[in-house]
Amino acid sequence: MLSAESAAVVRATLPVVGASLDAITERFYATMFADRPELLDGLFNRGNQASGEQRKALAASVAAFATTLLDHPDQRPDHLLARIAHKHTAVGVTDDQYVIVHKYLFGAIAEVLGQAVTPQVAAAWDEVYWLMAGALIAMEARLYAEAGAVEGRTWRRWRVAGRREETPDVASFLLTPLGEEPPPPARPGQYVSVQVEMPDGVRQLRQYTLSNAGDGLRRITVKRVDGDPAGEVSTLLHATVRQGDELTLSAPFGDVTLDDSEAPLVLVSAGIGGTPMVAMLDHLAATGSRRRVLTLHADRSPDRHALREDMTRLAPEHVFWYERGAQAPDRDGLMDLAGVPIPQGAVAYLCGPLPFMREARAALLKAGVAARDVHYEVFGPDLWLAAG
């Protein structure tokens, strides 16, 4: 809980700080990486840095956390913090790195806001930072413990047992663990980080949702993304990784996982967003679940629909939309939930491009699905959650 004195200062300065957060975070990352370039080696995603998405996500998260402290002083935005904590543990963030971030973030605040940062203002926002950091550190410690990892030591080598070309730009890699120690269990909907060394010698990592995680094996389904550095890891995996090769994977993390209730399920996805849905469908089939499951997926065309065979086999009740090449019973065009009977009392999971998920969520709410029962996964920094 924020102290009364600090709350008054934060409330008075939030409009100014909030308006300057983008400039602050831009300065923060630029200064930190100039002084500590090693942080880009195996920790920070330089693709997100180049696009500015990481900067925007950080700014939105800080603003959302501070706003919650003011508007609901007896509550903590655990839904926001949990999403961040899972992202952090997937890349191996450690406690001491919060001290590094604090140094450069508050240096950037002082540079951008200048004389407006009085000792009282600095102390109040320092309290906000350490409340947020302390909560994240505690959450991340629990996540590491659950995954059998300590202080970020979450990495493990896996061998590629097989590779399957799903579409011209999507490939699946079936992975088996090396060593005798069993891998930590994965829940359907979780993701892993894959760490690879790039041609320039810098290690980069990307998160990939598990499309299957049964019998101790892992399967990741990777879409090749064009452009450097955003697509450098996926391009390298597609071009170089073959059966018999080895990859470095983190333990599985992610808070958007299949619930254990008997409520009807609605799985809504587009494009490569179908990967967690296939993992959920596979889990339900493997456990003999009798839940009703309605699977809704949109894609460019049948031949661009990655894991189409898996989804069709595992989801007897499904509707697919294709922008071109649709043949009955599939539907033409973009996904349109008007006229699709959504089961009463359903729990929904969404994954796909952000505009797609916004429209799908609105349609599900209109169809009677409770807002608390609509869950979603975002590939990359989550710009939706912090914005509400």
Side-chain angles (χ1 to χ4, degrees), residues 40 42 44-54 87 90-91 158-175 189-213 217-250 252 254 269-279 297-311 320-325 351-357 377-382:
L40 283 170
F44 282 92
N45 178 329
R46 57 189 180 187
N48 289 337
Q49 295 301 318
S51 68
E53 290 187 354
Q54 188 67 57
K87 297 288 186 181
V91 302
W158 293 70
R159 177 172 287 115
V160 179
R163 170 174 171 156
R164 186 174 78 182
E165 307 303 319
E166 305 288 353
T167 72
D169 61 354
V170 177
S172 287
F173 301 90
L174 184 64
L175 307 165
Q190 289 190 309
Y191 52 81
V192 295
S193 290
V194 177
Q195 186 184 90
V196 297
E197 184 173 330
M198 304 310 299
D200 60 3
V202 174
R203 292 171 300 160
Q204 281 289 283
L205 48 86
R206 298 292 186 271
Q207 284 76 51
Y208 296 107
T209 302
L210 295 167
S211 56
N212 186 287
L217 301 176
R218 301 273 192 267
R219 184 178 70 177
I220 57 173
T221 300
V222 180
K223 180 177 181 179
R224 186 179 63 248
V225 178
D226 295 329
D228 186 21
E232 60 181 346
V233 173
S234 65
T235 298
L236 182 71
L237 293 175
H238 273 257
T240 65
V241 176
R242 299 292 184 269
Q243 183 173 342
D245 291 339
E246 295 181 11
L247 288 174
T248 300
L249 269 65
S250 75
S269 57
I272 198 62
T275 52
M277 309 311 176
V278 170
H297 182 81
D299 229 304
R300 293 182 180 179
S301 61
D303 64 315
R304 293 283 179 170
H305 180 172
L307 303 171
R308 173 182 161 89
E309 292 183 4
D310 298 59
M311 192 174 285
F320 298 154
W321 285 260
Y322 297 115
E323 295 178 35
R324 60 179 185 275
C351 192
L354 191 54
F356 165 83
M357 290 197 294
E377 183 61 273
V378 172
F379 295 143
D382 189 344

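Residues Pro302 and Gly325 come closest through the heavy atom pair CG-O, 3.5 Å. Here the closest non-hydrogen pair linking Pro276 and Gly273 is CD-O, 3.2 Å. Scanning all heavy atoms of the two residues, the minimum distance from Arg242 to His238 falls at NH1-O, 3.2 Å. Here the closest non-hydrogen pair linking Ala298 and Phe356 is CB-CE1, 4.4 Å.
Of the possible donor and acceptor atoms, none in the side chain of Ser211 sits under 3.5 Å from a partner among the backbone N and O of Thr275. Although no hydrogens or angles enter the test, the distance criterion places no donor-acceptor pair under 3.5 Å between the side chain of Glu377 and the main chain of Gln190.
Of the inter-residue distances, the one linking Leu249 atom CG with Ile220 atom CD1 reads 6.0 Å to the nearest 0.5 angstrom. If you take OG on Ser250 and CD on Gln195, they are separated by 9.5 Å, rounding to the nearest 0.5 Å. Taken from CG in Asp299 to CZ in Arg308, the straight-line distance is 9.5 Å, to the nearest 0.5 Å. Here Glu53 contributes atom CD and Asn45 contributes atom CG; the two are 9.0 Å apart, rounded to the nearest 0.5 Å. Note that CZ of Arg164 and CD of Gln243 are 13.5 Å apart. Values are rounded to the nearest 0.5 Å. Distance check: Met277 CE to Ser269 OG gives 5.0 Å after rounding to the nearest 0.5 Å.
With sequence neighbours left out, Ser301 forms a side chain to side chain donor-acceptor pair (under 3.5 Å) with Asp303. In this structure, the salt bridge (Lys or Arg N to Asp or Glu O under 4.0 Å) partners of Asp169, at least two apart in sequence or on a different chain, are Arg304. Annotation: side chain to side chain donor-acceptor pair (under 3.5 Å) contacts of Arg300 (sequence neighbours excluded): none. Listed by chain and residue number, Arg157 satisfy the side chain to side chain donor-acceptor pair (under 3.5 Å) test with Glu246 (two or more places apart in sequence, or in another chain). In terms of the salt bridge (Lys or Arg N to Asp or Glu O under 4.0 Å) criterion, residue partners of Arg163 (sequence neighbours excluded) are, by chain and number, Glu165. Legend: residues meeting side chain to side chain contact (heavy atoms under 4.5 Å, CB included) with Ala213, ordered by chain and number and at least two apart, are Ala186, Leu210, Arg218. The side chain to side chain contact (heavy atoms under 4.5 Å, CB included) check on Val225 picks up Ser234, with sequence neighbours excluded. Partners of His305 according to the ring-ring contact (aromatic ring centres under 6.0 Å, His included) rule, which considers only residues two or more places apart in sequence or in another chain, are His297, Phe320, Tyr322. Partners of Glu232 by side chain to side chain donor-acceptor pair (under 3.5 Å), not counting sequence neighbours, listed by chain and number: Arg46.
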Stepwise, does the side chain to side chain contact (heavy atoms under 4.5 Å, CB included) test hold for Arg159 with Leu175? CA-CA 5 Å; Arg159 177 172 287 115; Leu175 307 165; over 6 Å; no
Go through it in stages, so that I can follow the logic: the residues are Ile272 and Thr221, the test is side chain to side chain contact (heavy atoms under 4.5 Å, CB included), and I'd like the CA-CA distance, side-chain angles, deciding distance and then a yes or no. CA-CA 8 Å; Ile272 198 62; Thr221 300; 4.1 Å; yes
Take Val170 and Val222 through the side chain to side chain contact (heavy atoms under 4.5 Å, CB included) test and state the conclusion after the steps. CA-CA 5 Å; Val170 177; Val222 180; over 6 Å; no
Are Met311 and Val278 close enough, and set up right, to give a side chain to side chain contact (heavy atoms under 4.5 Å, CB included), and what steps lead you there? CA-CA 6 Å; Met311 192 174 285; Val278 170; 4.0 Å; yes
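Side-chain contact check for Val378 versus Met357: some heavy-atom pair is nearer than 4.5 Å. At least one side-chain heavy atom of Val233 sits less than 4.5 Å from a side-chain heavy atom of Met198. In this structure, the side chains of Arg219 and Asp310 come closer than 4.5 Å at one or more pairs of heavy atoms. Residues Val196 and Leu247 are in side-chain contact: their nearest non-hydrogen atoms beyond the backbone lie under 4.5 Å apart. Using a 4.5 Å heavy-atom cutoff, the side chains of Leu237 and Tyr208 are in contact. With a 4.5 Å cut-off on side-chain heavy atoms, Asn48 and Arg206 do not count as touching. For the pair Phe173/Asp245, no side-chain contact is recorded, criterion being any heavy-atom separation below 4.5 Å from C-beta on. Looking only at side-chain heavy atoms (C-beta outward), Leu307 and Glu166 come within less than 4.5 Å of each other.
In this structure, Lys87 forms a cation-pi arrangement with Tyr191, its terminal cationic atom sitting closer than 6.0 Å to the ring centre and no more than 45° off the ring axis.
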